[in-house]
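The first residue in the sequence is number 1, and the count goes up from there.
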Amino acid sequence: MKKLIAPLAIVIAAALAGGAFAQTKGEAEPPEKAAKTKPATAQEKAAAKQSRQVEGKSVAKAAKPDDSRMTTAAAKSNTPEDRKAAAAARKAAATDAVKKGQTTSGEK
């Protein structure tokens, strides 16, 4: 019994001793608060909105659409007939591979 009580007392003391090193409530620095400002008036908000609109309109007028981003050069040069012919060639190649037992889909 004595062999059980001594280690148990040490474990309990170690568990309770952790709280002795914890920071107490009064030692922490108080948080810094932002300086108070008065809210903007409706007139100030309207003036700011107007200036943003003017700036946005000038940027929008200056911007020109860039067609090179929308399509690639290869897509522009290929006609629908070229694409259909290329698709038929790919389908024929896949059909030949299936007939020979060389499937491209990973099946055996």
Please name all residues satisfying side chain to side chain donor-acceptor pair (under 3.5 Å) with Glu55, sequence neighbours left out, ordered by chain then number.
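With sequence neighbours excluded, Glu55 shows a side chain to side chain donor-acceptor pair (under 3.5 Å) to no residue whatsoever.
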
Donor-acceptor pairs under 3.5 angstrom involving side-chain atoms of residues 45-53: please list them, not counting sequence neighbours.
from: Ser51; atom 1: OG; to: Ala48; atom 2: O; distance (Å): 2.7

Run the side-chain contact (heavy atoms from CB on, under 4.5 Å) test against [X] and tell me which residues pass, sequence neighbours left out.
X     : answer
Ser58 : none
Glu81 : Thr79
Ile10 : none

